[in-house]
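This one's a predicted model, so the numbers in the text were calculated from it and none came from an experiment. Note that these values count all heavy atoms, side chains included, but never hydrogens, waters or copies made by symmetry. Each chain gets a letter, A, B and so on, in the order its sequence line appears, and its residues count up from 1.
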Amino acid sequence: MIEELKTKLSSLEENYTLKIQSAATLKDLQDLQVAALGRKGELTELLKSLKDLSLEDKKTFGPLSNTLKNKLTALFEEKQIALEAAAVNEELAKTNIDLTLPAYTFDKGRRHPLVIAQKRMVDILSKLGFIWAEGPLIEDEAHNFDALNIPKNHPARDVQDTFFVKNAVKTGFVLRTHTSGVQVRAMQKQKPPIRIIAPGRVFRSDSLDATHSPVFNQIEGLYVDKNVSLADLKRDLTVFMKGLFGNKAEVRFRPSFFPFTEPSVEVDVKCVFCEGKDPSCPVCKGTGWKEMLGAGVVHPNVLKNCGINPEEYSGYAFGMGVERLAMFSLNIKDIRTFYENDVRVLEQF
Amino acid sequence: MKILYSWLKDYLDISLSPAELEKHFTTLGMEVAQITKSGADFDGVFAARIEKIEQHPNADKLSLVTLKTAQGEQRVVCGAKNLVLGDKIALAKVGARLGSVVLKPAEIRGVVSEGMICSADELGLANTRQKGIMVLDKDIEIGAEIKTLYGKADVIFDLEITSNRPDLLSHKGVARELSILLNLPLKQQDYKPQKGNGQTLKINLPAGELGCPRYIGRTIKNVKNTASPKWMQERLLAMGANPKNALVDITNYVLYDIGHPLHAFDLNQLESGEINVRWAQDGESFLGLDGVERTLNTQNLVIADGKKPVALAGVLGGKADSIGDDTQNIFLEAAYFAPTAINKTAKQLGISTEASQRFERGADIEACDAAMDLATKLITEICGGEVSQTNDVYPVKYQPAAIVFEPEQINKILGIEIPKETLKEIFTKMSPSFAAESDKWAFTPPSYRRDITQRWDLAEEVIKFYGFDKLAQDNSGVSHASLYFGENPKNVDLGEIFANTLTSLGFLEAKNFDFVSLKDINALGFKLENTVEIKNPLAEGMEYMRPALLPSLLKNIEYNQHQSRHDLALFEYSKVFALQKGYPSEFFSLGGVICGKTPRSKFFMAEQKPVDFYFVKGIVENILAGYNIKLMPSVLAPVYMHPKICMDILLDGKAIGVLGKVHPLSAKLYGIKTDVYAFEFSTKNIEKYFDVQTFKKAKDISVYPSSTRDLSLVLDDSATFSQVEAAILEIGQGVKFALIDLYQGKNLPEGKKSITLRFEFSSNEKTLTDKEINLAIETILKTLTQKLNATLR
């Protein structure tokens with residue numbers, strides 16, 4: 001009896017293992033599962049006969065049949081997962097879409113190219129320890145000219161160069177021609193050390209053309225302390241230029257003249273386009289150098305005018321045009337582009 | 001200032017290439033704007049005539065040209081297209097030198113060419129550039145050497161001289177500067193004083209020190225005013241000055257040579273035998289040699305004879321006494337006029353001449369005699385004549401103050417250790433009177449260097465000659481770590497946050513000029529008396545400082561719509577201006593405009609919503625989230641806004657700006673035909689709430705689940721959402737709810753509308769029970785029923 005049952009068990013195992021393997025659909029598999037493990041399934045029926053066995057035979061046959069039940073259940077689960085996966089994959093395989101159709105476009109807002117250029121310069125200078133300072137755009141002549149050692153008859157004070165306010169209660173209000181007034185205020189207000197930058201708009205009565213604009217932006221810097229020298233200026237501005245153009249950047253200093261600095265210099269950077277190798281380079285016009293900024297040791301008269309003793313303190317100052325640098329680095333050929341606000345340009349940055 | 005290489009050689013023994021010289025000029029702070037080659041830099045090129053033109057047997061594009069030369073016929077191969085029988089051309093014979101190239105015999109495609117027909121380019125004659133071969137004047141004789149038609153080969157440097165260095169506005173001055181740098185002696189020219197015989201005019205200087213500190217005059221009689229010699233004409237032409245006659249040319253020549261302006265008068269036209277340097281009388285008139293009659297005032301310095309002004313001192317000569325070809329007797333002036341006097345006259349009368357530019361920047365008072373001597377020498381050599389004694393009126397001799405300093409002070413300014421010996425050497429070369437006694441050094445600037453007054457000026461000279469490249473070659477300077485912590489100005493950081501929000505919402509940043517027109521002011525309804533006006537506007541439409549950003553932004557919309565871009569969202573954060581009690585004031589403003597479709601994501605298959613009022617309202621709420629802001633429907637909208645679609649932006653209950661739809665008529669004023677929505681507000685008062693250094697504090701989030709309940713209500717049409725909002729918030733400030741539907745129309749009684757609100761309930765302490773939530777909903781419903789006559793739908 002027990003041997004007969006054992007034979008039945010093994011043939012059942014063989015039979016269903018094979019059938020489960022070859023089941024093609026979930027339906028087939030379900031039917032098979034009912035046929036084997038359902039209430040009237042073959043294995044269930046077999047187990048029912050357990051009750052007629054002797055206690056000893058029950059001990060032998062019981063675990064054997066349970067093992068088979070677990071095994072078959074596992075096989076059914078495994079097969080079900082496989083068949084389900086196959087069905088999903090078959091469904092996915094039918095998908096037919098053109099992945100190359102245009103995607104969603106996102107209207108990403110952008111900062112103005114001038115702001116981008118200015119931020120870059122300010123970031124570098126901030127790392128060099130300069131602090132952003134501000135002042136009014138409508139200045140008085142005292143801050144814009146007098147304190148800066150600019151003589152009364154200097155051409156910069158002409159109506160050809162400077163915008164004057166017409167309807168204020170008193171004369172002498174001008175649209176600042178540089179941000180130097182900010183430096184003057186800083187020196188009048190605060191004792192050295194002073195290490196500031198003054199970025200912002202300035203105004204000059206220049207007709208608008210490809211390279212001139214009556215409104216433009218400047219960044220000026222000022223450092224006043226004990227023992228500040230021309231060498232410090234050169235060192236700091238060289239680092240600044242390397243910050244802008246990479247550590248390979250070469251910097252050249254040459255003498256110049258400004259009423260508010262002495263010695264005065266102009267600072268050139270080796271043309272980043274042709275590296276000074278192309279005599280027909282449109283950027284440096286074949287000179288190999290591009291003028292970047294004006295600078296110098298603060299003129300003792302300026303320090304005196306601002307209440308700082310030039311025998312005790314010294315300083316350096318520099319100033320540069322943001323537009324010029326932005327044009328150079330962003331490949332913008334016409335300064336008017338900045339103020340046209342053509343969205344086809346603005347979207348590019 | 002143009003500088004001729006050949007002229008420099010009068011003063012310096014140099015044989016530098018133009019490129020090397022350019023480097024030296026740059027080192028010395030003279031920017032080289034342009035280098036041009038002039039004259040003929042070739043030999044062995046002669047005039048010939050085209051006798052016959054034949055096709056080259058082996059090349060389609062070449063011709064065989066037979067030429068008539070002084071030596072008979074010659075045949076050359078030529079590729080030019082502008083060959084014309086009978087034309088005279090420039091033939092470079094074999095062995096000719098063109099620049100650095102020597103022409104070798106050539107066989108071109110099997111035919112020997114006995115030379116080359118030259119183009120202007122090949123001859124380096126850039127000024128006579130024409131395409132193809134250069135065609136000569138018909139009158140030139142065959143065999144004439146071409147180089148004789150042009151000046152000698154030369155290089156012209158166009159230097160930019162800074163305004164503090166008038167001493168560099170001459171060949172001598174530039175040579176002097178180079179001589180220090182290159183350590184070469186300056187060759188002195190022969191300016192031997194010319195004694196002369198007999199008296200000249202009496203000279204009076206009533207204008208005094210402020211007008212004319214020195215005046216030298218002399219008469220030269222019986223001169224023959226011919227054409228000036230060729231070498232002088234060539235130099236003047238290269239300088240860009242047209243030769244006129246010997247006397248005029250000589251004064252110009254001296255100017256370019258040693259930098260001192262001179263003036264020559266026709267002696268016969270001067271009345272009553274005296275020269276007065278005086279201030280003009282008010283209303284006195286003067287006819288300049290440019291043919292323009294000018295009315296003078298008491299700030300104008302004039303040279304007058306006994307009766308009338310005969311020249312504007314140092315600026316312009318007079319017509320009546322100008323030198324003509326037939327002038328026989330002259331009075332020659334070499335004077336020093338005070339810079340401010342010349343500056344005023346030149347500026348007031350709008351005249352700028354070679355002379356005025358030098359005098360207003362400062363001429364060399366000690367160079368008057370040299371200029372007089374050189375001019376006298378040249379005049380007598382070229383025009384002959386009898387020279388009088390000079391009359392030199394120089395009441396107070398110029399004595400520049402010595403700068404006393406210690407050598408260490410120079411090094412301290414520069415931040416470098418230059419040896420004392422080197423410093424001494426530089427100073428000695430600059431000023432012969434330099435004295436170095438122990439530690440106190442005394443430098444007396446030469447009379448032509450009035451710009452040097454303090455040791456800082458000397459420091460600049462030193463580093464220029466010593467070399468900027470020697471500066472800061474190591475890192476041994478002062479410490480450059482930050483000296484103290486400084487915050488950005490608040491408006492800067494605040495603006496950054498505004499801009500970041502707006503760009504994340506799809507806005508592009510614009511930057512506009514600060515100038516606007518009367519039309520803009522009127523369009524905004526601003527009062528003119530409160531608007532800053534420019535006295536000297538650059539152009540029409542730029543007369544006022546903008547009191548708001550909106551006009552500029554509307555112009556940006558118009559511009560871009562014109563470029564067929566219709567979905568636009570732009571903002572600007574800039575200053576605006578006003579006149580307050582007569583004083584200019586300025587503050588930052590944030591403005592935005594939007595039109596067309598809403599920005600953000602676009603997909604070709606998805607419908608894009610047009611911008612509406614609620615969009616721009618959402619933008620403003622987003623920017624100003626976190627501030628005590630209230631948006632209130634405007635009782636009286638500004639003229640440029642839609643009267644019904646406009647809200648006031650209130651900060652602490654005070655209006656700081658508006659948002660809404662731009663009035664269609666205002667939009668039309670700017671050429672905009674579509675709907676435009678806009679916002680603009682002053683950010684000044686927001687700054688005080690803004691603190692970049694204070695971090696936001698995180699709030700605990702509830703660990704218990706929240707529940708939502710929707711409530712649909714029927715309300716009177718007249719009830720506004722803000723009334724609903726206020727009523728609910730009165731129950732509890734923490735109630736969280738959102739409007740999810742608004743319905744008006746069918747299935748509702750006349751004069752009613754329905755809204756659906758979604759409430760969210762949560763607690764930090766526990767999960768709320770249904771009972772608790774139902775109670776809350778009941779309370780809300782009861783309140784709304786009482787206050788707004790709401791019923792459950």
Side-chain angles (χ1 to χ4, degrees), chain A residues 102 104-112 114-115 128-129 131-132 134 136-138 153 159 163-169 173 193 195 201 205 207 214-215 225 227-232 234-236 238 253-257 262-265 297 299-300 314 338-344 346-347, chain B residues 26 29 162-164 340 343 412-416 454 456-457 459-460 463-464 468 471-472 477-478 480-483 486 488-489 492 499 502-514 532-536 538 556 559-560 563 565 568 575 579 582-584 586 599-604:
Chain A
Y104 277 75
T105 55
F106 297 90
D107 285 343
K108 193 172 161 273
R110 327 237 167 182
R111 302 303 301 274
H112 193 277
L114 274 180
V115 174
L128 292 172
I131 286 144
W132 187 319
E134 277 206 334
L137 304 189
I138 301 180
N153 63 346
V159 287
F163 291 113
F164 289 83
V165 172
K166 184 180 184 179
N167 56 345
V169 280
F173 284 112
R195 196 165 165 95
R201 283 191 177 198
S205 189
S207 292
V215 179
D225 202 348
N227 300 318
V228 177
S229 70
L230 189 65
D232 297 319
K234 189 178 169 190
R235 209 174 279 119
D236 285 356
T238 305
F253 282 65
R254 57 193 164 80
S256 189
F257 170 70
E262 188 75 40
S264 302
V265 292
V297 172
H299 198 287
S314 55
F338 291 121
Y339 297 98
E340 260 164 16
N341 298 302
D342 190 319
V343 298
R344 294 168 301 175
L346 298 181
E347 278 164 359
Chain B
T26 308
T162 54
S163 62
N164 61 326
T340 36
N343 179 273
K412 198 180 159 197
I413 293 168
L414 297 172
I416 188 172
Q454 307 186 69
W456 286 266
D457 303 313
E460 175 167 284
I463 196 63
K464 184 173 74 183
F468 278 93
L471 268 186
V478 297
H480 293 120
S482 292
L483 299 156
N488 277 350
V492 172
L502 280 163
T503 51
S504 74
L505 294 169
F507 278 71
L508 294 171
E509 186 174 22
K511 285 287 176 193
N512 286 288
F513 282 0
D514 304 71
V532 178
E533 188 178 355
I534 300 301
K535 193 166 115 194
N536 51 333
L538 187 64
N556 296 154
Y559 175 90
N560 280 294
Q563 315 297 326
R565 298 296 295 252
L568 301 164
K575 273 185 169 173
L579 213 55
Y583 285 89
E586 50 193 67
R600 306 214 68 182
S601 67
K602 281 195 192 104
F603 189 49
F604 70 104

### Message
With a 4.5 angstrom heavy-atom cut-off, is it the side chain or the backbone of B:Phe507 that approaches chain A, or both, or neither?
### Response
backbone

### Message
Can you tell me how far apart NZ (A:Lys108) and OG1 (B:Thr503) are? Round to the nearest 0.5 Å.
### Response
7.5 Å

### Closest approach of B:Ala499 to A:Arg111 (non-hydrogen atoms, all atoms of both residues)
CB-CZ, 3.2 Å

### Summary
OG of A:Ser229 to CG of B:Leu414, rounded to nearest 0.5 Å, is 7.5 Å

## Note on the structure
Honestly, the part of A:Val165 sitting under 4.5 Å from a heavy atom of chain B is both

### Query
For B:Val492, is it the side chain, the backbone, both, or neither that has a heavy atom closer than 4.5 Å to a heavy atom of chain A?
side chain

### Task
Could you tell me whether a side-chain N or O of A:Asn167 sits under 3.5 Å from a main-chain N or O of B:Glu533, the two making a donor and an acceptor?
yes

### Query
Pick from A:Val115, A:Leu137, A:Leu346, A:Val265: which one has the most heavy-atom pairs with chain B under 4.5 Å?
A:Leu137

### Message
So does A:Phe164 get a backbone contact from the side chain of B:Asn536, meaning a donor-acceptor N/O pair under 3.5 Å?
### Response
yes

### Query
Under a 4.5 Å heavy-atom cut-off, does chain A meet the side chain of B:Leu579, its backbone, both or neither?
side chain

### Query
Is it true that a side-chain atom of B:Glu586 and a backbone atom of A:Ile138 form a donor plus acceptor pair closer than 3.5 Å?
yes

### Message
Below 4.5 Å, heavy-atom pairs only: which of B:Ile416, B:Asn512, B:Thr162 has the largest tally toward chain A?
### Response
B:Asn512

### Task
Check each atom of B:Thr26 against the heavy atoms of chain A and say whether the ones under 4.5 Å are side chain, backbone, both or neither.
both

### Query
Any side-chain heavy atom of B:Phe604 within less than 4.5 Å of one from A:Thr105?
no

### Query
Given side chains that start at C-beta, do those of B:Gln563 and A:Arg344 come closer than 4.5 Å, heavy atoms only?
yes

### Message
Given 3.5 Å as the limit, does a donor-acceptor pair link the side chain of A:Lys234 with the main chain of B:Leu471, or not?
### Response
yes

#### Entry: Considering all heavy atoms, the nearest A:Ser207-B:Leu538 contact
CA-CD2, 4.0 Å

#### Entry: Under 4.5 Å from any heavy atom of chain B - which part of A:Tyr339
both

### Message
Between A:Asn341 (side chain only) and B:Lys511 (backbone N and O only), is there a donor and an acceptor less than 3.5 Å apart?
### Response
yes

### Query
Side chain, backbone, both or neither: which part of A:Ser314 has a heavy atom under 4.5 Å from chain B?
neither

### Query
Any ion pair linking A:Glu134 and B:Lys575 (charged N to carboxylate O, less than 4.0 Å)?
no

### Query
Can any side-chain N or O of B:Glu509 pair as donor or acceptor with the backbone N or O of A:His112 at less than 3.5 Å?
yes

#### Entry: Part of B:Gln454 within contact of chain A (heavy atom distance under 4.5 Å)
side chain

### Task
Let me know if B:Asn560 has heavy atoms under 4.5 Å from chain A in its side chain, its backbone, both or neither.
side chain

### Query
Which answer fits A:Ser264, side chain, backbone, both or neither, if we ask what part of it has an atom under 4.5 Å from a heavy atom of chain B?
both

### Query
What residue, out of A:Asp342, A:Val297, A:Thr238, A:Leu114, has the most heavy-atom pairs lying under 4.5 Å from chain B?
A:Asp342

### Message
What's the separation between atom CD in A:Glu340 and atom OH in B:Tyr559, rounded to the nearest 0.5 Å?
### Response
3.5 Å

### Message
Please rank B:Pro599, B:Gly415, B:Pro584 by heavy-atom pairs under 4.5 Å with chain A and give me the top one.
### Response
B:Pro584

